[in-house]
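For reference, the structure discussed in these notes is given below.
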Amino acid sequence: MRLSDTMSGQTIELEPLRPGHVGVYVCGVTPYSASHIGHAMSAIVYDVLVRYLRWPSNRAGGYEVRYVSNYTDVDDKLIDRGAELGVDPLVLANQNIEQWEREQEALGLLPPDVRPRVSTEIPAIIALIEQIIANGHAYATPAGNVYFRVQSKADYGKLSGRTIDQLRSGTRFEPGEDKEFALDFALWKAMKPGEPHWSSPWGEGRPGWHIECSAMSQRYLGDTFDIHGGGVDLVFPHHENEVAQSEAATGKPFARLWVHNGMVLRDGEKMSKSLGNFVTVEDALERWSPDAIRVFALSSQYRTPNNLTNEALDAAGRAVDRLATALEAKNTAERGAPSVDASEARARFIDALEDDLNTAQALAAMFDLARAINRGRDEGLDIGAAQHVLYELAWVLGLRLERESLAQAVDEAALAEVAARFGVTAGAGAEAVEGLLTRRAEARAARDFATGDAIRAALDRIGIEIKDTPQGAEWSVRG
RNA sequence: GGCCACGUAGCCAAGUGGCAAGGCAGAGGUCUGCAAAACCUCCAUCACCGGUUCGAAUCCGGUCGUGGCCUCCA
């Protein structure tokens with residue numbers, strides 16, 4: 001498949017280092033507070049990338065993928081936030097990671113194969129820093145800090161398209177800094193009172209930001225690996241510094257392909273923790289289904305900024321219903337009836353994802369397939385195989401397209417009350433609904449439409465929808 | 001100020017040289033006792049100006065507007 005590569009500025013063909021295998025590293029979150037939709041957006045994009053790479057029906061016949069995504073659980077923000085709350089920063093990080101992992105599961109995100117944390121990777125980080133120092137690209141100071149020597153790398157700035165001169169304007173030395181050069185950045189920070197710290201050749205301290213990703217990607221994917229992903233806001237300085245560090249240590253090329261997703265905007269402005277204009281994943285999941293959130297995230301190409309509005313999420317929810325309805329349609333074809341042909345939609349879906357993971361076009365192919373299924377149902381064609389394809393494509397995008405179960409969606413007591421009101425006393429749950437449908441069918445057969453409509457309205461109020469079809473009434477939980 | 005994206009229907013959004021995908025909303029119709037769902041039909045000269053070309057939303061130049069990065073950030 002082709003992917004847009006930030007380093008070269010080109011869309012280039014993925015050619016894995018080891019045929020059939022792809023290594024993917026994605027920068028995860030700094031868990032100092034609850035995750036927001038921007039994190040979900042990013043995670044969904046890479047989740048779909050990994051699902052597609054693994055899918056046996058992709059053009060390459062499916063890759064074996066090793067997917068690594070980290071948690072930066074040692075960081076200035078965590079330390080500050082921990083101090084504010086009076087909680088150990090690592091405990092705070094752990095709480096937020098646990099919440100985020102529950103949310104990831106709810107969003108249908110496949111767990112990465114490795115989820116390393118800074119706090120458990122200290123030896124690898126120290127070893128990497130030692131290597132960089134030995135190669136002359138970093139230096140330790142008397143205070144116990146270690147800095148990367150930016151000017152020792154002639155190609156510094158190559159990822160973000162900047163030069164040291166450009167970057168230098170606008171930066172200045174902070175008072176008390178012991179760097180050689182203003183753009184040099186910390187690989188290791190000497191301990192300050194009250195902060196988490198580990199022993200190192202340079203004294204007690206902790207890793208700087210950036211070095212953890214170099215250490216973890218190297219440890220779990222090797223010196224050179226296939227794809228490195230993250231939000232576009234990480235291009236500079238985080239990813240720029242990662243390349244510089246890693247290549248300074250190994251002398252080999254780092255990531256072969258840099259993939260960056262666009263930001264989620266809120267009211268036209270970047271949604272971020274620091275701006276405080278974010279919608280948390282927790283809040284979003286209360287109002288919208290995981291599928292709706294996914295369709296929202298995937299309805300634009302991943303590099304395009306995505307403006308979050310309630311209307312857009314609501315619309316995505318209705319779009320999901322459309323797909324789910326096609327998947328639920330009853331196959332009424334008679335034996336030997338011709339089948340709905342799904343091959344064109346399937347091919348378009350694959351073409352779209354092969355071309356820089358164009359999920360918007362992939363979704364369009366799915367909607368066209370849904371329409372073909374519905375039409376085929378009306379025309380008495382066999383829709384079974386086409387529905388199977390739709391389900392398969394939905395899996396690649398991580399969509400479940402399943403209604404909630406009756407027990408999840410409907411209050412038991414409310415259902416029992418409705419059943420009692422219309423004289424249905426036997427059974428609960430689905431049995432009660434079936435009883436009510438029978439009662440309604442009797443009423444309608446007697447042309448007592450008032451009772452029939454009252455039953456329908458009562459069920460609708462508690463979240464159960466009735467559709468009258470030529471084969472009788474069908475019910476479903478409202479999406 | 002520097003670097004980089006983007007500006008397509010009421011809303012979201014694909015398309016990067018050859019009659020403008022898809023979703024939501026809206027209008028009309030079919031089906032239905034009525035609904036719902038579904039199906040059918042309709043709904044855009046692609047920010048503006050100039051240029052290249054037989055032909056431009058797509059390429060080039062300019063104008064205006066929006067966003068991102070340059071400091072922590074998915």
Side-chain angles (χ1 to χ4, degrees), chain A residues 6 9 26-30 32 35-46 69 72 75-77 80 157 160-163 165-171 174 209 229-238 240 260-265 268-275 278 295-296 298-301 303-309 311-323 325-326 328-329 348 352 355 358-368 370-371 373-379 444 447-450 452-453 456-457 460 465-470 473-476 478:
Chain A
T6 305
V26 176
C27 286
V29 302
T30 300
Y32 70 91
S35 293
H36 58 63
I37 289 291
H39 300 119
M41 162 91 187
S42 183
I44 288 168
V45 165
Y46 299 108
S69 187
T72 302
D75 165 271
D76 292 349
K77 291 234 161 188
D80 294 348
S160 56
R162 296 155 212 255
T163 63
D165 280 345
Q166 278 172 3
L167 289 164
R168 188 156 49 175
S169 67
T171 52
E174 298 293 331
W209 186 43
V232 69
D233 57 343
L234 295 179
V235 173
F236 189 90
H238 185 57
E240 191 69 69
H260 288 104
N261 63 280
M263 298 291 97
V264 175
L265 309 181
E269 204 178 9
K270 178 180 165 182
M271 176 155 74
S272 72
K273 291 189 193 176
S274 48
L275 288 174
F278 55 86
V295 165
F296 166 74
L298 300 175
S299 65
S300 68
Q301 207 272 348
R303 277 176 295 131
T304 307
N306 217 342
N307 196 18
L308 175 72
T309 62
E311 295 70 31
L313 263 304
D314 290 345
R318 286 188 287 270
V320 166
D321 283 342
R322 185 171 171 72
L323 295 175
T325 298
E328 285 168 354
R348 264 214 297 145
D355 185 13
N358 196 327
T359 50
Q361 284 201 354
L363 277 169
M366 288 176 66
F367 285 112
D368 285 344
R371 168 166 281 120
I373 289 169
N374 290 330
R375 188 187 312 174
R377 188 256 335 261
D378 289 351
E379 291 170 354
R444 293 178 72 216
R447 302 200 65 79
D448 175 9
F449 294 120
D453 290 350
R456 182 172 65 200
D460 186 73
E465 283 178 327
I466 304 294
K467 293 175 194 170
D468 290 313
T469 76
E474 291 174 9
W475 64 275
S476 62
R478 188 159 46 224

From C-beta outward on [X], which listed nucleotide comes closest to its side chain: [options]?
X: A:Asp468; options: B:A35, B:C40, B:A14; answer: B:A35
X: A:Asp453; options: B:C70, B:C72, B:C34; answer: B:C34
X: A:Arg456; options: B:C34, B:A74, B:A14; answer: B:C34
X: A:Asp233; options: B:G33, B:C3, B:C69; answer: B:C69
X: A:Arg377; options: B:G15, B:A38, B:A74; answer: B:A38
X: A:Gln166; options: B:C70, B:G2, B:A38; answer: B:G2

In the structure I gave you, are the side-chain heavy atoms of A:Met41 and A:Met263 within less than 4.5 Å of one another anywhere? no
Do any N or O atoms from the side chain of [X] and from the backbone of [Y] form a donor-acceptor pair under 3.5 angstrom?
X: A:Ser160; Y: A:Val235; value: no
X: A:Glu240; Y: A:Gly157; value: yes
X: A:Ser299; Y: A:Phe296; value: yes

RNA chain B: A:Asn306 or A:Glu269, which has the more 5' nearest nucleotide? A:Asn306
Between A:His39 and A:Thr304, who's closer to the 5' end of RNA chain B by nearest nucleotide? A:Thr304
Can you tell me the Watson-Crick or wobble partner of [N], both distances under 3.5 angstrom?
N: B:C42; result: B:G26
N: B:U32; result: none
N: B:G1; result: B:C70
N: B:U53; result: none
N: B:A13; result: none
N: B:C6; result: B:G65

Using the [atom1] atom as the reference point in each nucleotide, state the distance between [N] and [M] in Å, no decimals.
N: B:G67; M: B:A13; atom1: P; result: 15 Å
N: B:A38; M: B:A74; atom1: P; result: 39 Å
N: B:G61; M: B:C3; atom1: P; result: 14 Å
N: B:G26; M: B:U32; atom1: C1'; result: 23 Å
N: B:A21; M: B:U45; atom1: P; result: 14 Å
N: B:A44; M: B:U63; atom1: P; result: 33 Å

State whether A:Lys270 places a side-chain N or O below 4.0 Å from either non-bridging phosphate oxygen (OP1 or OP2) of B:A74. no
Donor-acceptor pair under 3.5 Å, A:Asn307 side chain vs B:G67 base: no
List the protein contact pattern of nucleotides 20-25 of chain B with one symbol per nucleotide (5' to 3'): B for base contact, S for sugar-phosphate-only contact, - for none; contact means a heavy-atom distance under 4.0 Å. -BSSSS
Would you indicate what A:Phe449 reaches in the nucleic acid, counting non-hydrogen atoms under 4.0 angstrom: base, sugar-phosphate, or nothing? base
Salt bridge or not between A:Asp165 and A:Arg168? Use side-chain N to carboxylate O under 4.0 Å. yes
Considering only NZ, NE, NH1 and NH2 on the basic side and carboxylate oxygens on the acidic side, decide whether A:Asp453 and A:Arg456 come within less than 4.0 Å. yes
For a quick check under 3.5 Å, do A:Asn261 and A:Tyr46 share a side-chain donor-acceptor pair by atom type? yes
